[in-house]
Amino acid sequence: MATLYLTEQNTTLHKEQNRLVVKYQDTVLASIHEFKVERVVVVGNAQLTTQVMSFLLDHGIDTVFLSIHGKLKGRLAPLESKNVLLRLAQFERFRSPDFAIGLAREVVMAKIANSARVLSRYQRNHSETKFSEALTALELMLRQAGRTGSLDALRGVEGQAAAVYFQVFGGMLRNGLTFDKRTRRPPKDPVNAILSFGYTLLYQEAISATASVGFDPYVGFFHGVDYGRCSLALDLIEEFRAMTIDRLTTNVFNLGVLSPKDFVKSEEGGVLLDSPGRKRFLGEYERLMTTEFTNPSNGQHTCFRKALHEQALALQRAVLQNQKYTPFQEWH
């Protein structure tokens with residue numbers, strides 16, 4: 001077990017000898033050997049004892065806190081990475097227009113290319129689906145992105161590509177499910193709720209990956225800087241969104257893992273997963289992130305969680321050596 005998800009409300013995680021124990025009042029719900037836990041995700045109202053927090057910090061086990069709605073609330077993190085030289089180089093590259101636009105261009109091109117691959121693969125397996133017009137538009141925008149000379153222009157192309165992609169995204173959904181457009185804060189339908197929840201999970205993993213190699217996750221090159229936003233983590237997940245969360249979203253609905261019956265109305269006027277549905281989705285997410293495949297770029301076995309960390313290291317090399325960044329663009 002790589003990740004311990006605490007989804008039961010009003011439970012407490014205890015440390016008892018060499019085990020992490022989940023309790024509701026005096027009832028033991030789960031007991032896991034401490035060395036089998038690599039990450040802890042706390043969803044909603046669950047508590048950690050001081051002994052557990054000390055153990056997690058001592059062993060560098062990434063621990064994140066999500067609201068019951070799936071919003072990232074924070075992380076339990078040790079002191080700042082000792083790699084101050086990387087952070088100094090990161091700030092220097094951030095102020096270099098040539099480096100920033102070069103890296104941002106690679107990130108956006110990878111995002112567009114991977115979005116097109118998802119549509120293309122689905123169309124190849126479902127001949128009744130017609131994505132040709134959208135694929136042609138994405139190909140055009142991919143070339144436009146490669147020619148852009150400013151971050152503002154690049155953000156415009158990225159926005160147009162996302163609009164084209166999500167206009168046809170609903171065509172990959174079966175079982176009578178519909179998807180009209182991307183909605184957030186709050187998501188207005190089950191598909192948007194899963195996309196938002198999945199992106200939040202990916203975002204918190206990217207924060208961990210960038211911070212673990214010594215970056216300041218708040219300073220990004222494509223997303224720039226904004227108060228309270230981990231822009232570098234957002235940069236990193238762009239190349240992974242379509243091939244991970246978007247595919248997972250269509251799969252969980254098309255395979256019947258989730259249905260509209262698993263969602264309830266939120267106080268903000270949107271919808272959110274109920275508790276049983278959340279457990280099933282987290283199980284599918286964990287399976288996606290840990291399933292191994294061969295990375296065609298180097299022939300080595302990896303998984304998406306490991307690939308995120310590998311790309312953070314690639315980003316580190318690009319920043320330290322002022323080199324071109326090569327995104328992750330293909331999977332098995």
Stepwise side chain to side chain contact (heavy atoms under 4.5 Å, CB included) check, L234 with L232: CA-CA 5 Å; L234 289 174; L232 189 65; over 6 Å; no
Salt bridge (Lys or Arg N to Asp or Glu O under 4.0 Å) between K130 and E133, intermediate numbers included: CA-CA 8 Å; K130 305 300 181 186; E133 189 174 336; over 6 Å; no
Verdict with reasoning, R39 to E205, per side chain to side chain contact (heavy atoms under 4.5 Å, CB included): CA-CA 10 Å; R39 300 170 63 245; E205 298 216 34; 3.5 Å; yes
Derivation of the ring-ring contact (aromatic ring centres under 6.0 Å, His included) call for F304 and F293: CA-CA 9 Å; F304 283 122; F293 56 88; 4.9 Å; yes
Side chain to side chain contact (heavy atoms under 4.5 Å, CB included) evaluation trace for V168 with L119: CA-CA 9 Å; V168 299; L119 294 180; 3.8 Å; yes
Criterion salt bridge (Lys or Arg N to Asp or Glu O under 4.0 Å) on K306 and E292, from CA distance to verdict: CA-CA 9 Å; K306 188 177 177 182; E292 288 198 344; 6.0 Å; no
D180/F166 under side chain to side chain contact (heavy atoms under 4.5 Å, CB included): CA gap, chis, key distance, verdict: CA-CA 8 Å; D180 295 327; F166 280 116; over 6 Å; no
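Residues V118 and Y165 meet the side-chain proximity criterion, which asks for heavy atoms closer than 4.5 Å. Using a 4.5 Å heavy-atom cutoff, the side chains of L202 and L308 are in contact. Taking 4.5 Å as the limit, some side-chain heavy atom of L288 sits within range of a side-chain heavy atom of T244. Residues L48 and V42 form a side-chain contact, since some pair of their non-hydrogen atoms from C-beta on lies under 4.5 Å apart. At least one side-chain heavy atom of R155 sits less than 4.5 Å from a side-chain heavy atom of F222. Side chains of R241 and E238 form a contact here, defined as non-hydrogen atoms less than 4.5 Å apart. When side chains are defined from C-beta on, R105 counts as touching T148, because their heavy atoms get closer than 4.5 Å. Taking the side chain as every heavy atom from C-beta outward, L6 and V43 never approach each other to under 4.5 Å.
Atoms CG and CE, on L13 and M53 in that order, are 10.5 Å from each other to the nearest 0.5 Å. Expressed to the nearest 0.5 Å, how far CZ of R278 lies from CG of L258 amounts to 11.5 Å. One finds the OG atom of S31 at 8.0 Å from the CG atom of L20 (value rounded to the nearest 0.5 Å). The structure places OG of S115 at 6.5 Å from CG of D246, a figure rounded to the nearest 0.5 Å. The CD1 atom of I112 sits 8.0 Å away from atom CE of M141, with the distance rounded to the nearest 0.5 Å. For the atom pair OG1 of T290 and CZ of R305, the computed distance is 6.5 Å after rounding to the nearest 0.5 Å.
Ring geometry, F55 versus H59: the interplanar angle falls from 30° to 60°, so the pair is classed tilted. Aromatic ring orientation, F240 versus F328: parallel (interplanar angle below 30°, classes split at 30° and 60°). Ring geometry, F94 versus F221: the interplanar angle falls from 30° to 60°, so the pair is classed tilted.
In this structure, S231 contributes its side chain and G224 its backbone to a donor-acceptor pair below 3.5 Å. Counting only distance, with no hydrogens or angles, the side chain of Q9 and the backbone of T7 share a donor-acceptor pair below 3.5 Å. Remark: side-chain polar atoms of Y325 are not paired, donor with acceptor, to backbone N or O of Q316 under 3.5 angstrom. A donor-acceptor pair under 3.5 Å is absent between the side-chain atoms of E106 and the main chain of K324, judged by distance alone. At least one donor-acceptor pair under 3.5 Å links the side chain of N254 to the backbone N or O of M172. Looking only at distances, a side-chain donor or acceptor of R280 sits under 3.5 Å from a matching main-chain atom of V257. With hydrogens and angles ignored, the 3.5 Å screen pairs a side-chain donor or acceptor of N114 with a backbone N or O of A110. Here the side chain of E38 pairs no donor or acceptor atom with the backbone of T3 at under 3.5 angstrom. Distance alone, capped at 3.5 Å, places no donor-acceptor pair between the R75 side chain and the Q204 backbone. In this structure, the side chain of T63 engages the main chain of I61 through a donor-acceptor pair within 3.5 Å.
Each of H14, E16, E8 was checked for a side-chain hydrogen bond (donor to acceptor under 3.5 Å, both in side chains) with K23, and the lone residue meeting it is E16. When each of F253, F197, F263, Y5 is checked for a ring-ring contact (aromatic ring centres under 6.0 Å, His included) with F281, only F197 meets the rule.
L315 and L88 are not part of a single hydrophobic cluster, where members link through side-chain heavy atoms under 4.5 Å apart. The cluster map of Ile, Leu, Val, Met, Phe, Trp and Tyr, joined by side-chain heavy atoms under 4.5 Å apart, puts L140 and L142 in different clusters. Residues L272 and Y285 fall into different hydrophobic clusters, defined by Ile, Leu, Val, Met, Phe, Trp and Tyr side chains chained together at heavy-atom separations under 4.5 Å. L236 and L72 end up in the same hydrophobic cluster when Ile, Leu, Val, Met, Phe, Trp and Tyr side chains are linked at under 4.5 Å. Linking ILVMFWY residues whenever their side-chain heavy atoms come closer than 4.5 Å, directly or via other members, leaves V28 and I32 in distinct clusters.
A side-chain donor from one of S196 and R182 sits under 3.5 Å from a side-chain acceptor of the other. A donor-acceptor pair shorter than 3.5 Å cannot be found between the side chains of Y218 and D226.
Taking both residues in full, the closest heavy atoms of S266 and P186 are given as OG-CB, 4.4 Å, listed atom of the first, atom of the second, then distance. Of all heavy-atom pairs spanning L4 and V37, the tightest one is CB-CG1, 4.2 Å. Taking all atoms of both residues into account, the shortest heavy-atom contact from Q17 to E34 is O-OE1, 3.9 Å. Shown here for L177 and P260, the closest heavy-atom pair between the two residues is CD1-CG, 3.5 Å. In this structure, C230 and Y203 approach most closely via the heavy-atom pair N-OH, 3.0 Å. Heavy atoms only, all atoms of each residue included: L86 and G214 are closest at CD2-C, 3.6 Å.
Other residues, nucleotides and ligands contribute more than 12 heavy atoms inside 6.0 Å of the CZ atom of R174. In Q321, the CD atom is crowded: over 12 heavy atoms of neighbouring residues, nucleotides or ligands sit closer than 6.0 Å.
A cation-pi contact, defined as under 6.0 Å to the ring centre and within 45° of the axis, is absent between R87 and F215.
A salt bridge links E158 to K111: one of the charged nitrogens lies within less than 4.0 Å of a carboxylate oxygen.
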